[in-house]
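These notes are about the structure you will find just below.
Only a predicted model underlies this, so the values are computations on that prediction, with no experimental measurement involved. Note that these values count all heavy atoms, side chains included, but never hydrogens, waters or copies made by symmetry.
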Protein chains: 2
Amino acid sequence: MTARPRQSWTAIAREVSRRISDGDWPAGALIPNEADLAQEFGCARATVSRALRELADQGLLDRRRRAGTRVRELPERRARLDIPVMRQQVERRGARYGYLLLLREVLPPPSPVAATLALPQQVPALHLRALHNADEAPFLLEDRWINLRAVPDAETADFARENANEWLLRNVPLTTGELGLTACAAAPEEAELLNCAPGDALFQQDRITINDGERVTWVRSLYAPGYRMRLAL
Amino acid sequence: MTARPRQSWTAIAREVSRRISDGDWPAGALIPNEADLAQEFGCARATVSRALRELADQGLLDRRRRAGTRVRELPERRARLDIPVMRQQVERRGARYGYLLLLREVLPPPSPVAATLALPQQVPALHLRALHNADEAPFLLEDRWINLRAVPDAETADFARENANEWLLRNVPLTTGELGLTACAAAPEEAELLNCAPGDALFQQDRITINDGERVTWVRSLYAPGYRMRLAL
DNA sequence: TAGTGGTCTAGACCACCCA
DNA sequence: GGGTGGTCTAGACCACTAT
């Protein structure tokens, strides 16, 4: 009796990957079911399941009950973006972080913002404009609206001292949302604050944050020229 | 004897999330170990493990053997980007996809590209320039270098018919890599191809693709003005 | 060295959904 | 109806690392 070696889910995932990239299992093909693979690899079905789930998470496989597991026709590339807080983003560049609140007011937001926050017209919200600096140089200009119905405490928070991003992370830690990225030309006012020329190409990030179905905040961030966002593929 | 209800890992993940957002387990705190939680929730340790692993993947917890599981000080936001192939990206906008190869040549790449591809100087690589259209309007201009040492078959592929992205997906399906995003001003030549004005702000995406340690391709993509990339938070 | 998370097993039941 | 993936259990051993 020879003891069979213990299989690991990573080894199985690698082998399945190999079969796909070598064309043993072409795009669109149905692959053997978990039980059969478990027998082939000499391991428990749960181990195969773990391996296949990982590959499905990577977008390489499509799994459906009863229908089985298929190789995706065009494997979708997935990239992950880790968004550190601004302070870390600046400090990782070896610069000193600075923060300046430019504007704080409570008033009904313009209607596109009201719609995004799912607020009825004329309901006031908290409007903030702030500048994040790296070694005194402007790094990011943010224009933010906070839904005071979702986070009433924000009205009394001192956003001159703590930036809204970190305050929200502490007070509403569990959120989902959406990110929109685009390029835009610097408006004159923005150019002045970011210390660049009007019309310069800026990296713009719009973000809506949702907590348990409630729209918490909308923020438009403009990065100073030269900013580069990195994602791991 | 009352049978205890079966616990699900999602329910446990929700409960742990709740304890974090309610401040029962503040940022930085050590939470009970898996065995204790399993006892508390009346389930198997594997179920707790699955729940905590998911929250750790989301960036909410830090888990280390022996040291235990901690609530992250500043929960890192993570966003996922699904990158469909260009054809789907265009068709999802309800437009007809078009593709045009502008340039194909084999020659040693400029040194920054050579360095990125980890190629010695003077080693030729495949250089492609192509335009992707949406309903006849230019949508994306790509400038690509392919490492022929990594994928020799690319030299004989017909990139006038099939775009390099899809060809590579079929032939080198399993890759990792890195994505860089930034904003840039349109150069005159680029402006003409993208049908916009020189100096217009463009969304630029640089991508390096790695297969099993080998640098496969580097590509710089310029999107026509107005493009917006969306990520799920 | 001891305590923690990481993983594997063998078995079971269930949810889904195609035929 | 029946086959598939999805999950849970109870138990075990292992890998890592703080102390």
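- In this structure, the CG atom of Asp57(A) is 14 Å from the C1' atom of dG5(D), given to the nearest Å.
- Toward the 5' end of DNA chain C, the nearer of the two residues Pro32(B) and Trp9(A), judged by each one's closest nucleotide, is Pro32(B).
- In terms of heavy-atom proximity, Ala164(B) sits nearest to Leu128(B) at CB-CD1, 3.8 Å.
- Residue Ser49(A) places no side-chain N or O under 4.0 Å from the OP1 or OP2 atom of dT7(D).
- dT4(C) atom P lies 12 Å from atom CZ of Arg70(B), rounded to whole Å.
- Ranking dG5(D), dG5(C), dT7(C) by closeness to the Arg63(B) side chain, first place goes to dG5(C).
- For dT7(C), neither phosphate oxygen OP1 nor OP2 lies less than 4.0 angstrom from any side-chain nitrogen or oxygen of Thr47(A).
- Across the protein-nucleic acid pair, Asn33(B) atom CG and dT17(D) atom P stand 18 Å apart, rounded to whole Å.
- Ionic pairing of Asp62(B) and Arg64(B) is not present here: no N-O contact between side-chain nitrogen and carboxylate oxygen is shorter than 4.0 angstrom.
- Arg149(B) has its side chain within reach of Val123(B): a pair of non-hydrogen atoms, C-beta onward, lies under 4.5 Å apart.
- By the 4.5 Å heavy-atom criterion applied to side chains, Gln58(B) and Leu55(B) are counted as neighbours.
- Between Phe139(B) and Tyr223(B), the angle of the ring planes goes over 60°, which puts this pair in the perpendicular group of the 30/60° scheme.
- Checking dC8(C), dC8(D), dT7(C) against every side-chain atom of Ser8(A), the shortest atom distance belongs to dC8(C).
- Atom CG of Asp36(B) and atom C1' of dG5(C) are 13 Å apart (whole Å).
- The CD atom of Glu34(B) sits 15 Å away from the C1' atom of dG11(D) (whole-angstrom rounding).
- We find that CG of Leu55(B) is positioned 12 Å from P of dG6(C), with the value rounded to whole Å.
- Between Phe203(B) and Tyr227(B), the angle of the ring planes lies from 30° to 60°, which puts this pair in the tilted group.
- Map Arg50(B) and Gly68(A) each onto its nearest nucleotide of DNA chain D; the residue landing nearer the 5' end is Gly68(A).
- In the interface, the side chain of Arg45(B) is paired with the base of dT7(C) through a donor and an acceptor atom under 3.5 Å apart.
- Between Asp62(B) atom CG and dT4(C) atom C1' there is a gap of 14 Å when expressed in whole angstrom units.
- Atom CD of Glu54(B) is separated from atom C1' of dG5(C) by 16 Å (rounded to the nearest Å).
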Produce the list of close N/O pairs, under 3.5 Å, pairing protein atoms with atoms of nucleotides 16-19 of chain C; give distances to one decimal.
unit_1, atom_1, unit_2, atom_2, d
dC18(C), OP1, Arg64(A), NH2, 3.0
dC18(C), O2, Arg66(A), NE, 3.3

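- Glu214(B) meets the salt bridge (Lys or Arg N to Asp or Glu O under 4.0 Å) test with no other residue; sequence neighbours excluded.
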